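Keep in mind it's a predicted model, so treat the numbers as computed, not measured. Here, residue 1 is the first one in the sequence, and each next residue gets the next number.
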Amino acid sequence: MRRDRFTVIADVIASILHGKDRPLSLMYAANLSLDQRNQYRDYLIEKNFISFIDLAFHVKPNGVEYLRAFRKFRDECVRLGIEVRTREA
């Protein structure tokens, strides 16, 4: 089952917030290949959702707000009976 881009971004941010802040642990937690992790890392840093300091990822306020909005959207989809594929709890 493929995840869409919005779901992968939410999974990456949630993984970092749950302590998977090192590059390798984030890759496994978010179920990404090395190339995918690097692409999402660059995109999320560019969009000011995360930063990479002292060999660890950190979620910035924009990332927290994105995750909050995504969860609200996901919950509304569930209420309407629309499937959203995500790995986060």
Review point. Within the distance-only criterion (no hydrogens, no angle test), does the side chain of R37 pair as donor or acceptor with the backbone N or O of L26 below 3.5 angstrom?
Key: no
Practice item. Could you tell me whether a side-chain N or O of S15 sits under 3.5 Å from a main-chain N or O of D11, the two making a donor and an acceptor? Key: yes
Review point. For R3 and V8, which heavy atoms make the closest approach, and how far apart are they?
Key: CB-CG2, 3.8 Å
Exercise for review: Calculate, to the nearest 0.5 Å, the distance between atoms NZ and NZ belonging to K60 and K47 respectively.
Suggested key: 14.0 Å
Review point. So D75 and R79, side chain to side chain contact (heavy atoms under 4.5 Å, CB included) or not? Walk me through it.
Key: CA-CA 6 Å; D75 293 346; R79 187 184 74 74; over 6 Å; no
Revision key, fill the gap. Tightest non-hydrogen contact, residues Y66 and F6, listed as OH-O, 2.8 Å
Check your understanding: Do the side chain of D54 and the main chain of A56 share a donor and acceptor less than 3.5 angstrom apart?
Key -> no
Review point. Tell me, do L32 and V12 make a side-chain contact under 4.5 Å, heavy atoms counted?
Key: yes
Point to revise | Exercise: identify the closest heavy-atom pair between T7 and D4 | key: N-OD1, 2.8 Å
Review point. Looking at I45 and S51, what are the two nearest heavy atoms and their distance?
Key: CG1-CA, 4.5 Å
Practice item. Compare every heavy atom of S25 with every heavy atom of R22, then report the nearest pair and how far apart it is. Key: O-OG, 3.1 Å
Exercise for review: Show the numbers, then the answer: is there a side chain to side chain contact (heavy atoms under 4.5 Å, CB included) between H58 and I50?
Suggested key: CA-CA 5 Å; H58 305 275; I50 66 170; over 6 Å; no
Review point. Is L34 reachable from L24 through a run of hydrophobic residues whose side-chain heavy atoms are each under 4.5 Å from the next?
Key: yes
Review point. Should L44 and F57 be marked as a side chain to side chain contact (heavy atoms under 4.5 Å, CB included) after you check the CA-CA gap, both sets of side-chain angles, and the distance that decides it?
Key: CA-CA 11 Å; L44 294 174; F57 292 104; over 6 Å; no
Practice item. Specify whether F73 and F70 have parallel, tilted or perpendicular ring planes, treating 30° as the upper limit for parallel and 60° as the lower limit for perpendicular. Key: tilted
Check your understanding: Which pair of non-hydrogen atoms, one from A29 and one from K20, has the smallest distance, and what is that distance?
Key -> CB-CG, 3.5 Å
